[in-house]
Structure formats: structure tokens, C-alpha cells
A.B. asks: 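Got a structure for you, questions after.
Hydrogens, waters and symmetry mates are skipped; everything else that's a heavy atom, side chains included, is used. Order of the sequence lines fixes the chain letters, A, B, ..., with proteins taken first and strands second; residue numbering starts at 1 for each chain.
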Amino acid sequence: MITDKLKNFVRRKSFHVTYVDTGSCNGCSIEVLATICPRYDIEQYGIFVHHPNPREADVLLITGCVTEQWKTKLKELYDKVPEPKVVVAIGACACSGGIFDQEGKRTHPPLKNFIPVAAEIPGCPPRPSEILDAILGVAPIVFKDYDKKEANK
Amino acid sequence: MTEKNVDVSIPIGPLHPALKEPLRIKLHTEGERVVDAEVELGYMHRGIERILKGKPWNKAVYLAERVCGICSNIHCMTFIETLEKISDVEPTPRAKYLRVIVNELDRIQSHLIANVSYFLGIEHETLAMYMLDVRENSMDALEIVSGNRVHMTWNVLGGVRWDVEDHQLKMILETLDKMEPRVRRYRGMFAHGPLLQLRSKGIGVLSYEDATKVPAVGPVARGSGHPESDWRLRHPTYRDIFDFKAISRKEGDNTARVLIRFDEIFQSMDLIRDAIDNLPEGDIKNRGKVKAGEGFHSGEAPRGELKYFVKTDSAGKIDDITIRTPTRLNLESCVGYMLAGSPSIADAVAIYASIDPCIACTEG
């Protein structure tokens, strides 16, 4: 189908990214911010990251171990993102709780207990190039032939 | 709230295109004018102080550092200096200089990203991108010295983690020489740009008296004419060896706060050059043991005074710890004095970004 081909082509190189901080130390957040700088320049790949808005996002970048307040709100946030969508967990906190998963914690890691996660980037924090690599690697795979996959379900 | 005539309450956040971290600001407005503002926290609380209790000190360093990812080094440094104060350990002369080098490099990148988020707040994307590009150079310099971009764990009890070679110091100096003319150019662009000044001059004014009421700390206080708020004036290394002088301005508006950060970047560059030129030879670490005791210590984070209270037991474990971070105070001055009475809702985001908030620090 020509529409499928067109959709595949468009989705391969044009998506909105929203980053959500669910209780990180800001280390991952500034590395996400660093991906928009001219050295890494996420926008040259057709990714828009400037103004995070879940209602027009394709990729959700989530940092941080899930804090008490985010426990119920994460699912709501995930439902607000239109299909097709990809969740990328950034940093050790989002993957496993990292250093905050210890006795006396006030957090509820890992992230995948709350919403489906497509990719995890370990590191405390991961480098901007790794974040860029993960977004570019995982999103096209999920978005490819998305409508066909949905119809077959 | 009852006596004031409030038309609409406008919430900003917790997830908002202008905010980098989740928090909710409620603006009570009368027409376009902001009458009052409230702030709602709690989205970032990880309970670090609770986790820290009962941890051995050498494990606690990593956690103390992860209170904040932007001003990571100063948390590590203040925590270690509190322990040194408790257990009478003095860092070696070379370690003192190396601590200053990394601390000031960290301050440069933190001030740069603070101004980046201000320029993104007033939607001047070009200048923000220029400055993000310069910031990558300072991150390179940090990586050359410490081996990591964000969490370095540079300070250990009685010294620093490892030694810095001469060629690394030369690379830092080259990086600074590369950065300085560019940052000067961007400072000029901000100070003399009419459109940028239209969004900044006379907006979000915090008067000299109001700054003492909260009290505001860091660049916010120094922008309102309080040079004594810089805790580097009281730090033994800065006070005795580098003869440190604090910068201040009198205007108290967004322009003053942004220019203070620009000027402190140049000041930090001079401090690093000074430290590298006079770097003494010798050991980088003094041996020592953490004793039982308790004590307060303050350090100057890029955002202001950072205060640690630590109580240790004889085994070197943390019995009790309290961290008071600068944004805790600055947020109050922002909400209570700058936002309330702001003539326009459109300026609220710019005013909020100008205090360089770090919510991850505040909630801990």
C-alpha cells in the first residue's frame, strides 16, 4: 500500500519528543537538554525536543525513579500520548532505581512496573550521544508498519 | 486570599513546556496582573536524607552527590568538608587547589545552563543554542580532569580522588581561552540587545530589603546588592589563598541576575587560571579517619548557600543529616516577592527561570 509506505517514510524521520522527570537528580535531564546543543544537534534528525508536550509526543523520554506523586500520574500521562508511542527510560534510576533503590527509600522503581518501556539506557547519567542513539534506534522499529501490526492484533 | 480580588487562578505545571522539572506554580491574577502566587512541591521527593541515615560515610558521598545533577560537585565538596570539620582532617595544599579548579569548572557549566534556561524562557533560542555549545567545552574540561561529565565524586576525605597531569591542566587552559571570547560576546549580546532587555530590564524586581526578609541567597541576593551572600568569602581556601572578592549589582531584576552569572563565569575562569599557575607540588590526599561528632558547614553552590548538618558515630556512619539547599530560599523569594505584583503573566516563566531553580535539590 502506498499509504503504508508513505507513513513509514514520514515516521522514520519526524517525531516529537517529550521528556518527563519523575524524580531524578537532574543529571539525566541536563544530558537530554545537551542533546539539543549544536554539537549533538538532535534536530538534524528531525526530532523536536524543545517544548515538551505529551499530547503531541511520539517518544516519551522518562528519567528518574518513580516518586510517590508520580505513581498514579504516570499511567494518566502515558494515556494522553497519542498512538503510536515509544517510552525510553533514561538512566540507572529509571531502569532499576539505581542508587535510590535502598533501604528507607521513598520511591517506587523501576519504571516498567507502571508503563510499557521499549528501551532502557543505563548509565548515571548516560552520555547525550547514547540518548540520541537510543531514540534513533528504537523509534523507527516500533513505528514501522504500525497500522498493519495494529490490524493483526 | 479573600480580601484580594482574584479573577482567575492559572496553574503552570507540573508538566509544562516551559518547566524543566515538575512543580506547580499557581498564579492568582487580576486581569493580566499577577496578584499572588503559590508553589506546590512534592513531585521530586526521593528521600535522600532518609536513605543516608545509617550509611557509612564513604557510601554516603555518592548519595550526597546525587542530590543534584547540575551542581553535583559542590554537594560532594560540602559534605566532605563537613566531615573534615568534624574529624579535624586538613586537605593537602595541592588538593585544595585541585578542588577549586573542579568546583569553578562546575560553576561555569552550571551558570551557563542557568542562562540557557533563562533565554529559552524568554524564547531567545539563538542565544540559548550558542551558550549550550560553549557549555560543551566546559563539560569537556570537566571530563578531562575527573573522567565523567556530571557525577564526578572528585572530593574524598583529606584530598581529591586522583592527581591531574600537566598536559590535562594545559588542555583546561586552552579550553578556557577558547571559551572566554565567546562568552564575552554573548554577554554583550544580552547586555546591549534591545529586545532581550525589553523582556528582562525592570522585570521581577527583588528589592534590597525584600532580599533580606526570606533571605535570598546566591546570584539572586547578589543581584539585589548583597555581595556578602557569597559563601566563598568565608571559605578558608578562597579567603586566604585566592583573596576572593564577590560581585554584586543593585538593580535586582532579571537583567541583574543574568549578568551576575555571566560575570561570575569570568571570575571563575580567573580563579581557575590562578589555581593552575600556582598549583603546588605534593601529595593529593591526607590520611584520616572520620570521628564521632556533629557539625554545620556551608558552601557556595552555583545557586547560593548550601548548608549541611551532619552527625556521625564512632564507626564513621551517618547518624543524622540535614541538607538545606539554596533553591529552597530562592523559590520563596521568587514566589513571594517577584511573581506577586508582576505586571504580566507572560513574564512569570522568565522570572521563574531567572532564579535558576533546581527542584531536585530542594526536595532531596
A.B. asks: Heavy-atom distances under 4.5 Å only: say whether B:Leu41 touches chain A with side chain, backbone, both or neither.
C.D. replies: backbone
A.B. asks: If you measure from CD1 on B:Ile70 to CD1 on A:Ile30, what distance do you get to the nearest 0.5 Å?
C.D. replies: 5.5 Å
A.B. asks: Against chain A, label B:Ile48 side chain, backbone, both or neither, depending on which of its atoms sit under 4.5 Å from a heavy atom there.
C.D. replies: side chain
A.B. asks: State the CZ-CZ distance between A:Phe100 and B:Arg66, to the nearest 0.5 angstrom.
C.D. replies: 7.5 Å
A.B. asks: Nearest 0.5 Å, please: how far is CG in B:Leu15 from NZ in A:Lys80?
C.D. replies: 8.5 Å
A.B. asks: Which residue out of B:Glu136, B:Arg135, B:His16 racks up the most heavy-atom pairs below 4.5 Å with chain A?
C.D. replies: B:Glu136
A.B. asks: What distance do A:Cys25 atom SG and B:Glu65 atom CD have between them, rounded to the nearest 0.5 Å?
C.D. replies: 9.0 Å
A.B. asks: If you round to the nearest 0.5 Å, how far is CZ of A:Arg127 from CE of B:Met139?
C.D. replies: 9.0 Å
A.B. asks: Between B:Arg46 and chain A, which part of the residue has a heavy atom less than 4.5 Å away: side chain, backbone, both or neither?
C.D. replies: both
A.B. asks: Side chain from CB out, backbone as N, CA, C, O: work out which of these in B:Glu49 comes under 4.5 Å of a heavy atom of chain A, or both, or neither.
C.D. replies: neither
A.B. asks: Stepwise, does the salt bridge (charged side-chain N to carboxylate O under 4.0 Å, His left out) test hold for A:Arg106 with B:Glu363?
C.D. replies: CA-CA 12 Å; A:Arg106 280 274 189 237; B:Glu363 299 186 13; over 6 Å; no
A.B. asks: Looking at OG1 of A:Thr67 and CE of B:Met44, how far apart are the two atoms once the value is rounded to the nearest 0.5 Å?
C.D. replies: 8.0 Å
